[in-house]
Amino acid sequence: MCDQTFLAITFGPCDNCSQNKPLMNIYLKNEPINYCSLCVELMACQGLAKGETTNTLKAESESLKAKLEEERAKLHDVELHQVAEKIDALGQFVMKTRRTLKGHGNKVLCMDWCRDKRRIVSSSQDGKVIVWDAYTTNKEHAVTMPCTWVMACAYAPSGCAVACGGLDNKCSVYPLSLDKNENLAAKKKSVAMHTNYLSSCSFTNSDMQILTSSGDGTCALWDVESGQLLQSFHGHSADVLSLDLAPSETGNTFVSGGCDKKANVWDMRSGQNVQSFETHESDINNVKYYPSGDAFATGSDDATCRLYDLRADREVAIYSKDSIIFGASSVDFSLSGRLLFAGYNDYTINVWDVLKGTRVAILFGHENRVSTVRVSPDGTAFCSGSWDNTLRVSAYLRSSGESELRNILYNTV
Amino acid sequence: MTINTLSQDGVQRQQMPCLTKMERMIISMQDPDMGIKLRNQRLLITVIPHKCSISDEEALHVGQLFVKYGYIYPLKEPRNLILKADDSSYRFQTPYYWMSTRWPASELDYAIYLAKKNIRKQGELIEYEKECYNALHKRINHTWDFVVMQAREQLRASKQRRKGDRIVLECQEQAYWLVNRPPPGTQDSIDHGPERRTTNTRVQLVSKLTITTQLTTCTTTHNPHTHTYCEQYQPHDPIMQGCLPSNPWITDDIMFWNMNSETVALPTKLRVERWSFSFMELLNDQMGRKEFLTYLEKEFSAENLCFWQACEDVRHGETAKIPEKVDEVYKQFLAPGASRWVNIDSKTMEKTLEGLKRPHRFVLDDAQMHIYFLMKKDSYPRYLKSELYKNLLARAIVPQETKKSVFPFMRRQRHSSPSPALATQTAEDDGKAKYSNSNSGTASRL
């Protein structure tokens, strides 16, 4: 069941001295090695120049980190909200729930939009994965996974398949068949194998590759056809809870956030961690790229959402309020990137003005925590899934006249 | 007293940040000067004071959470854990029973509580409590004597207290157990989902090198690119400015989607304008890509775009097919005298040809990047200035905003659309087309 790559050996022959001892599991240049503690000490000391000890190196590394923060602070000349002072403030936004999708028997944990802008896939605690046409609220496909807590689901770019996974430590791809008699579970393809729960998955630009993140602290890139591991990404020291692919020209990076409070940016080709941000005070539940690909937002259990700029290499905005006590479970940007939708564990969705840092709307309606919020691919609506077993699709209502407003409100589902 | 340290640490980790904040608020609410007015042993919630300006609805919502998590409990209907914005009375829960101090609620304590209730008045236990009691009796039968003894002791001790204190203590205990052992059918507010471990067996050795490299690369200043991006895309953001003719989700009219589909005859003006924002926007739109290809054909440089598409196919396609795809690419685009030879500088060409001996997914990356930037710097700007583009922009549609419907109370029919799974199934049946736009493996955005 476990992939050899991730197996941790804690007692056995040391790779270096071949004696049977308790082993320390470490990585050197992304290669896992198993040394006994004595050999680790010796190896660490080998790199020391004359007069250095591991303690002096540690102290030096800390001072370098402090110096880095200083340099970063010097270089930034203008704060994000200062620039935004010249921009007009946004008025109040009235968001209306236009569709309520009922059908899950248990908590909805994750959802994803199809590129056709109206279909969605959602997964829940009881192992059910449902594909809906959200516009008509019809259910089109349903799959029952063999495990509970399906925390990750994703729609393939072509619209022909869905991927999902959770406590089974695997990511499986189901091709969507329109044949009513066919059992979708029969054609299931097991793609990814981790040693702990699957927290998030995403197709890259095609149906052929999947990127996954897991509670075992790693992310991995897989080939769907063969199930082969193409690249693995090590660097988080705790569960990785979320990942997002960069919408860049070269399409080679992604960002991940985890329980170690860090958000890491990775290069998909080399597996290297190219940038790292650690300013949150608690687990990062969700990460999402800004539409231009030059920044990303995070939602965390410390009840704040933050915006990090990749070019400036630092955090540029914090979205928080004293009255928001509970963690943000999910974040997403509107199409222009001006609005940030964040779903919280206190059952609400807060909409933030990204540039000014203020909140422009708060949406009530869910009866339990909001687990996932995603804006549709063309930006016309956003869908929120919650532990109250429902999904709601909401849109911005421009009241161009009282009669029209009344008209629309009467037709609300 | 149950030994369950792992889960205790695990969930308390997740809980702690919001619990401490809630507790701070509760404490400030009880402040004699700034807090809520208390009356004898009861309090009335009329206005919940907060430092920041928030709406009444939000204040009520925050209050609801306090009740759900057991920091405040109602007096009149103790089993109904909600906060009502009327004159009903509530009381603050004692810190002894706060979530952060007494979590997780142990089975033993619950057994003692139920035993006390049973002894005090026979038949006072409700259905679900009776079931729990029996289940516990079976489960921790070995300590049952201890449970009953403790229950008797606690009842005897409480009889020696003043009546007022005794009532309050009973209320507090009842509220605590209503939160921690909710009756079936009501919501469990303490439910948290799977545990998250903090420790990991493998640790990455961080080298001094990575930090020094970060220092040297830290040279760019923060330019407000987010601001310009937002401004540029604002007219295209349906949530910010609405969309024409109308938002399908609001008016149940899918004209907007039909007018922006891939195969429409004439695109909308906004869509054509968007192609001028960046080269990536043009390529991401299937129609834009087709238009660009038409333009390149006129310029006799269409092979560049075809080469780029072929490279994308290699990069994102099946691993098993990579060698044969790379071979095809070489024959069509890179071999000397090839039918669609692309102009790459000699250094990149040499490197690529060397890599072709052992083809892998990224072997064509350098060449692809070179051609991409060539198109971006040269062909793309010229396309935007060309007659072809300007003509299309002039002819492009600006949709009319949907007129208000005549019969206001009639709901529009919501029609289903063909599933994308069906569309590509038929394409596959017709036979795969190589290097064409409708490749079943890849798809463009939007």
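None of these values were measured; they are calculated from a predicted model. Below, read A as the first sequence line, B as the second, and so on, with proteins coming before strands; counting in each chain starts at 1. Only this structure's heavy atoms are used, side chains among them; waters, hydrogens and symmetry mates stay out.
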Is [X] close to chain B through its backbone or its side chain, or both, or neither, when contacts mean heavy atoms under 4.5 Å?
X	answer
A/D133	side chain
A/N345	neither
A/D346	both
A/N252	side chain
A/L109	neither
A/Q125	neither
A/Y135	both
A/P175	neither
A/A134	both

Compare every heavy atom of [Y] with every heavy atom of [X], then report the nearest pair and how far apart it is.
X	Y	answer
A/P247	B/M280	O-CE, 2.9 Å
A/S158	B/P420	O-CB, 3.7 Å
A/S323	B/V62	O-CG2, 3.9 Å
A/Y347	B/K68	OH-CD, 3.2 Å
A/T380	B/C243	CG2-SG, 4.1 Å

Roughly how far apart are [X] [atom1] and [Y] [atom2], rounded to 0.5 Å?
X	Y	atom1	atom2	result
A/K117	B/N260	NZ	CG	6.0 Å
B/D313	A/M208	CG	CE	9.5 Å
B/S419	A/E140	OG	CD	5.5 Å
A/K96	B/I250	NZ	CD1	9.5 Å
B/T319	A/E225	OG1	CD	9.0 Å
A/F382	B/W249	CZ	CH2	12.0 Å

* Test side chain to side chain contact (heavy atoms under 4.5 Å, CB included) applied to B/I239 and A/F341, step by step -> CA-CA 11 Å; B/I239 296 183; A/F341 295 89; 3.6 Å; yes
Side-chain touch [X]/[Y], heavy atoms, less than 4.5 angstrom:
X	Y	value
B/T226	A/R338	no
B/C230	A/L355	yes
A/T204	B/H316	yes
B/H61	A/I362	no
B/H236	A/S336	no
A/S292	B/F277	no

* Can you name the ring-ring contact (aromatic ring centres under 6.0 Å, His included) partners of A/F203, sequence neighbours left out? -> none
* To do: Not counting sequence neighbours, which residues clear ring-ring contact (aromatic ring centres under 6.0 Å, His included) with B/H370? List them please.
  => none
Please check if any side-chain donor atom of [X] sits under 3.5 Å from a side-chain acceptor atom of [Y], or the reverse.
X	Y	result
A/S206	B/R315	no
A/S334	B/D237	yes
B/W257	A/D378	yes

[options]: which one forms the most heavy-atom pairs within less than 4.5 Å of chain B?
options	answer
A/T136, A/D302, A/D116	A/T136
A/M95, A/Q228, A/E367, A/R118	A/R118
A/A156, A/G337, A/P291	A/P291

* To do: Run the salt-bridge test on B/E58 and A/K321 with the 4.0 Å N-O cut-off and return the result as yes or no.
  => no
* Pairs of heavy atoms under 4.5 Å with chain A: top-ranked of B/Y233, B/F362, B/F279 -> B/F362
* Asked: Out of B/P248, B/A320, B/S278, which one racks up the most heavy-atom pairs below 4.5 Å with chain A?
  -> B/P248
* For B/S417, is it the side chain, the backbone, both or neither that has a heavy atom under 4.5 Å from a heavy atom of chain A? -> both
* Report the C-alpha separation of A/V224 and B/E318 in whole Å, then their side-chain angles, then the decisive distance to 0.1 Å, and conclude whether the side chain to side chain contact (heavy atoms under 4.5 Å, CB included) test is met. => CA-CA 8 Å; A/V224 173; B/E318 286 175 46; over 6 Å; no
